[in-house]
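Everything on this sheet refers to the single structure shown next.
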Amino acid sequence: MATNLTTGPTAPSGHSAGAGGGDLQELAKRHLWMHFTRMGAYADPAHEVPIIVRGEGCYVYDQHGRRYLDGLSALYCVNIGHGRAELGEAAARQARDLGFYTNWSYAHPPSIELAARIAALAPGDLNRVFFVSGGSEAVETAWKLAKSYHAATGEPRKHKIISRYLAYHGTSMGALTATGLPPLREPFEPLTPGGRHAANTNSYRWAEDRHTLWAADAIEEAILFEGPHTVAAVILEPVQNGGGCFVPQEGYFQRVREICDRHDVLLISDEVICAWGRLGHMLGCERYGYQPDMITTAKGLTSAYAPMGAVIASDRVAEPFLHGAETFVHGFTFGGHPMACATAMANIDVLENERLCEHVREREDEFRAMLESLRDLPIVGDVRGAGYFHAIELVKDRDTKETFSHEEAEELLRGFLSGELYRRGLICRTDDRGEPIVQLSPPLIADREQFEEIEAILRPTLAEAWERVVKRGG
Ligand SMILES: Cc1ncc(COP(=O)(O)O)c(C=O)c1O
């Protein structure tokens, strides 16, 4: 596995700094610490920090006025698209009433109303909402809640969490324990104890004779190995982002649900990406028809117009904390921030009024067909995903599924694709934390025009990548 951490949204690799962005360029280079970024690349005066100044619909504009199709919804989060001023207006109205009050022992109308609305949208008895400020905090909270739940129900030794190889669940120390990407984990070891990883659902790389529910059964093996009396929870995304949009096999989540029930292990559905329309449903688990004990969510909850996350817990999980002195001793100052709640309410209004889940369900076949049409390129090995969340796996040899060496992947993604796609006006994600992939997750309002634009940029760029890296290199 390649160990570079800086793959991500496509970004320039060598644009000369043009007129107009001068001051901001200098200030960015001098003062801004960008996340997961090889900042050394910007020591070269010829390399510009990409500065995005404006957004509208599916498009964003940089400081030079260049337009980009935001094929990644920023970071899988601007679900309703850019420039929706009504979300900011809702936050401003809330600021006039009550800019902030805490949810530590107090409540306020926006958090109450949003909690009730989320509970009404979530399936089954997922009726209790604990607000946080982002995805890592949501994962951190869900794991702590799983431990606390078991302790409160007489199983204090149940503390471990099982997740999957290559899965990304966040960067804070607990969430990082669930994250299954060694290059992100190793620099910060020792991590929170109690993490264990099992196979993911990447059947493209399975032996052909493997049973379709093999990966689900691998979770039971992990629970049995650890000892069911020590395992608190299993955390899984409906479609796994890390490694490139691994979809579940038919019946996978039903089998995992049975396994969790058999061993009294809580099932956490990590929907930081997969909720709020991304898979064509408000909650990702609806797409695959399973009932988790908790959902972790963030990003699209506000379409990223305000930083917010949540854990949606079942009545069963909340029940022990509703009696006597039992307390979930956990919280964050900004959890349930009124302005973020107002933003989330306005966002859900847009999702509902503009029928964006339905739109994704109606259009995803067309989106998929466009990506599938790229399979005639020799570099395209696999196309996978669901809803508006898809990945293309790049291979050296389609027949043998041979992948790229570390050096080749470096040249392919960082040396060429990332900068070239951005230069041609497409923001998407190039990544090689598993096998090299290009990932697309456009705003939910994207339609045929955007699909055609994506293809018009991807096709020649991938063809050129093959020529440069495979033909010339080989
Ligand atoms: C599935 C999943 N969980 C957790 C996180 C962490 O979210 P955040 O970056 O908001 O902390 C992410 C971020 O991409 C994610 O995709």
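Residues Glu56 and Arg54 are paired through a salt bridge, judged by an N-O separation under 4.0 Å between the basic side chain and the carboxylate. With salt bridges taken as basic N to acidic carboxylate O contacts below 4.0 Å, one links Glu420 and Arg424. Salt-bridge check for Asp349 with Arg117: passed, with a basic side-chain N closer than 4.0 Å to an acidic carboxylate O.
Between Thr102 and Trp104, the shortest heavy-atom distance links the atoms OG1-N, 2.8 Å. Here the shortest heavy-atom pairing between Trp33 and Met39 reads CD1-CE, 3.4 Å. Scanning all heavy atoms of the two residues, the minimum distance from Phe131 to Ala310 falls at CD2-CB, 3.9 Å. Smallest separation of non-hydrogen atoms from Leu267 and Cys260: CB-SG, 4.0 Å.
Taking the centre of each ring, His390 and Tyr388 stay at or above the 6.0 Å mark. For His108 and Phe100, the gap between ring centers reaches or exceeds 6.0 Å. The aromatic ring centroids of Tyr61 and Tyr68 lie 6.0 Å or more from each other.
The salt bridge (charged side-chain N to carboxylate O under 4.0 Å, His left out) test applied to Arg185 returns no partner, not counting sequence neighbours. For the side chain to side chain contact (heavy atoms under 4.5 Å, CB included) test, residues two or more places apart in sequence or in another chain that qualify with Ile445 are Cys58, Leu356, Pro443. Residues passing the side chain to side chain donor-acceptor pair (under 3.5 Å) test with Asp293, sequence neighbours excluded: Arg257, Arg316. Checked against side chain to side chain donor-acceptor pair (under 3.5 Å), Ser136 has no partners two or more places apart in sequence or in another chain. For Glu89, there are no salt bridge (charged side-chain N to carboxylate O under 4.0 Å, His left out) partners, not counting sequence neighbours.
Using modelled atom types, one finds no donor on one side chain facing an acceptor on the other under 3.5 Å when comparing Tyr168 with Glu237. Side-chain atoms of His197 and Ser163 include a donor-acceptor pair closer than 3.5 Å. Side chains of Arg84 and Ser303: no donor on one and acceptor on the other come within 3.5 Å. Side-chain atoms of Trp276 and Thr297 form a donor-acceptor pair, as typed in the model, at a separation below 3.5 Å. Side-chain N/O atoms of Asn202 and Glu435 include no donor and acceptor closer than 3.5 Å. Residues Tyr59 and Glu453 have side chains that bring a donor and an acceptor to within less than 3.5 angstrom of each other. Looking at Ser441 and Arg429, their side chains never bring a donor and an acceptor atom within 3.5 Å of each other.
Here the side chains of Ile348 and Leu114 are in contact, with some heavy-atom distance below 4.5 Å. With contacts defined as side-chain heavy-atom distances shorter than 4.5 Å, the pair Leu417/Leu412 qualifies.
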* **Worked check of side chain to side chain contact (heavy atoms under 4.5 Å, CB included) between Phe246 and Val239** => CA-CA 6 Å; Phe246 299 149; Val239 175; 5.8 Å; no
* **Verdict with supporting geometry, Gln439 and Asp431, side chain to side chain contact (heavy atoms under 4.5 Å, CB included)** => CA-CA 8 Å; Gln439 207 178 28; Asp431 194 9; 5.7 Å; no
Would you give me the side-chain donor-acceptor pairs under 3.5 Å for residues 280-291, sequence neighbours excluded?
| unit_1 | atom_1 | unit_2 | atom_2 | d |
| --- | --- | --- | --- | --- |
| Glu286 | OE1 | Leu283 | N | 2.8 |
| Arg287 | NH1 | Leu279 | O | 3.1 |
| Arg287 | NH1 | Glu364 | OE1 | 3.4 |
| Arg287 | NH1 | Glu364 | OE2 | 2.6 |
| Arg287 | NH2 | Glu364 | OE1 | 3.2 |
| Tyr290 | OH | Ser269 | OG | 2.7 |
| Gln291 | NE2 | Pro123 | O | 3.0 |

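Using bins of under 30°, 30° to 60° and over 60° for the plane-to-plane angle, the ring pair His330/Phe328 lands in the tilted bin.
Sparse packing is recorded around CZ of Phe334, with 12 or fewer heavy atoms of other residues, nucleotides or ligands lying under 6.0 Å away. The number of heavy atoms from other shown groups lying within 6.0 Å of NE2 (His323) is above 12.
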